Number of protein chains: 2
Amino acid sequence: MIKRSKQKEVILRVLRSTTSHPTVTWIYDEVRKEIPRISLGTVYRNLKLLRERGEISELNLNSAPSRFEARTDIHYHFICEKCRRVFDVDEPPDKRLKGEVDQKTGFQISSYQIEFRGVCRECRETMDKAESGEK
Amino acid sequence: MIKRSKQKEVILRVLRSTTSHPTVTWIYDEVRKEIPRISLGTVYRNLKLLRERGEISELNLNSAPSRFEARTDIHYHFICEKCRRVFDVDEPPDKRLKGEVDQKTGFQISSYQIEFRGVCRECRETMDKAESGEK
DNA sequence: CTACTTGCAAAATATTTGCGTTATT
DNA sequence: AATAACGCAAATATTTTGCAAGTAG
C-alpha cells in the first residue's frame, strides 16, 4: 500500500506548479526550498511511484536526463535541439490512432508519446542573425 | 570533415544487420567480434556522428540506455514494459501531421517519433498463465 | 505493530572526454 | 603535413539500492 508523506505531496505540488517539463534535479532543488534535508533518492523514488500511479508523466527525450510533467493526457511535445527546451504542442492528437495500432498489433497499449524535434523560432532567429553577421 | 574508418563501417554494418533496436553495449559486443580492440568510447562517438549525419536513428525510450536502429524513415515503435523489447509498428504514419504542427507552432521540425507503451502479446499470455496458476 | 518511507552513502549504469598515438585525406 | 579518429582510462552524469531510523495507517 502507498502511504502519503510530506515529500510526496511537495514533489507533486512542485511539478504541478510548472509547465516547463523539469528534470529531476530541478524538482529536487525546488523541493529543497521547503524540505531542505530531502534526498535525491527520495525524489527519484517518489517520481517513480507517482508515474506508476499515473499521476504524472515521464518524458525520455534525446540526451540524458528524464523530464517530468503533471499532465497525463496525450499531447505532443516539441524539443528544440538548440536550447533543449520542451514545448507542449497545441494540436489535438489523432483519436483513432491508439485503436488502430491496438488492433493491428494485438498489443495492450497503455500510453503513447509523440515527440517532434527541430529548432524553435527563437533559436532560429538567433542562428539567422549569427549567420548574416559572420559572413 | 568526417573521415572514414574501419570502425565506422563495421558499426554501421552491424546496426544495419538487425531490426532489434540494440543498445550501445550490444553493438559494442557485436563489433568486437570483428575489431576486438575497439573501445566503447569509439562506439559512442561514431553512433553520435552517424546520428548527426542522419544515417541512423536514436530512440530514447523510458528507462535508460538509448536504442539505435538503421531505419531513419518515420515509423511507430512499441515498447513492451515487461520484456523491454522494442517493436516496429507497421502502420503508416499520418502524412499531414508534420505539416500541421509545423504551421501551427512556427517551429522548424526535422523529425518526429511516436512511441507506444504497453504489454506485448507474449508477455500478456505469460502473465495470464501466472495469475490463473497462483490463486 | 506492520510495513511503507526517508536520508545517507555507496553502488550500478550510462555517457563523455582528455590525451598521446594512429590513420585518413 | 594537417586533422580526424582511435584506444585507453579517468571523469561525469544519471539512476538505483542497502540499510538503519522514522512515520503513516
Side-chain angles (χ1 to χ4, degrees), chain A residues 1-15 21-69 79 81 84 86, chain B residues 1-15 20-69 79 81-84 86 117:
Chain A
M1 186 231 301
I2 292 181
K3 294 180 179 173
R4 49 190 302 267
S5 74
K6 183 74 186 291
Q7 288 81 350
K8 232 175 233 107
E9 277 163 27
V10 176
I11 289 169
L12 189 53
R13 176 152 43 77
V14 160
L15 188 51
H21 310 86
T23 60
V24 172
T25 306
W26 186 91
I27 295 168
Y28 175 55
D29 287 339
E30 281 303 303
V31 172
R32 258 198 306 183
K33 290 176 184 168
E34 259 186 79
I35 312 176
R37 299 180 57 82
I38 194 174
S39 77
L40 189 53
T42 297
V43 178
Y44 271 103
R45 273 189 284 236
N46 278 317
L47 286 171
K48 188 174 182 177
L49 279 176
L50 290 168
R51 169 165 52 76
E52 284 166 358
R53 272 206 270 173
E55 298 200 47
I56 64 172
S57 305
E58 177 171 1
L59 312 177
N60 282 65
L61 317 168
N62 270 355
S63 117
S66 277
R67 306 284 193 123
F68 295 84
E69 68 178 342
I79 303 108
E81 290 176 325
R84 289 276 130 202
V86 179
Chain B
M1 186 231 300
I2 290 181
K3 293 179 180 175
R4 50 188 302 266
S5 74
K6 183 74 187 293
Q7 288 80 349
K8 230 176 236 106
E9 277 163 26
V10 176
I11 289 169
L12 189 52
R13 176 151 45 76
V14 160
L15 188 52
S20 72
H21 310 85
T23 60
V24 172
T25 305
W26 186 92
I27 295 168
Y28 174 55
D29 287 340
E30 282 302 305
V31 172
R32 258 198 306 184
K33 291 175 183 169
E34 259 186 81
I35 311 176
R37 299 179 58 80
I38 195 174
S39 78
L40 188 54
T42 296
V43 178
Y44 271 103
R45 271 189 284 237
N46 278 317
L47 286 171
K48 187 174 183 178
L49 280 176
L50 290 168
R51 169 167 51 77
E52 283 167 359
R53 274 206 268 174
E55 298 198 45
I56 64 172
S57 306
E58 178 172 0
L59 312 177
N60 281 65
L61 316 169
N62 270 355
S63 118
S66 277
R67 306 286 193 122
F68 295 85
E69 68 178 342
I79 303 107
E81 291 175 326
K82 288 289 166 196
C83 66
R84 290 276 130 203
V86 179
R117 262 165 252 290

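Naming convention: chains lettered A, B, ... in sequence-line order (proteins, then strands); numbering from 1 in each chain. Model, not experiment: these values are computed from the prediction.
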Quick one: does [X]'s side chain get under 4.5 Å of [Y]'s, heavy atoms only?
X	Y	answer
A/V14	A/W26	yes
A/L12	A/E9	no
A/E69	A/L59	yes
B/R13	B/E34	yes

Value in whole Å for how far the [atom2] atom of [N] lies from [atom1] of [X]:
X	N	atom1	atom2	result
B/Q7	D/dA4	CD	C1'	12 Å
A/Y28	D/dT14	OH	P	14 Å
A/K48	C/dT6	NZ	P	14 Å
A/K6	C/dG7	NZ	C1'	16 Å

Is the side chain of B/K8 donor-acceptor paired with the backbone N or O of B/L50 at a distance under 3.5 Å, no angle test? no

Output one line per pair: protein atom, nucleotide atom from nucleotides 19-25 of chain D, and distance, for all N/O pairs under 3.5 Å.
{"unit_1": "D/dA24", "atom_1": "N3", "unit_2": "A/K3", "atom_2": "NZ", "d": "3.1"}

Does A/Y44 put a side-chain nitrogen or oxygen below 4.0 Å from OP1 or OP2 of D/dT15?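 It does, given that an N or O in the side chain of A/Y44 lies less than 4.0 Å from OP1 or OP2 of D/dT15.
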
Is B/K8 touching bases, backbone alone, or none of the nucleic acid, heavy atoms closer than 4.0 Å? sugar-phosphate

State the CD1-OH distance between A/I35 and A/Y28, to the nearest 0.5 angstrom.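 That separation rounds to 11.5 Å.
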
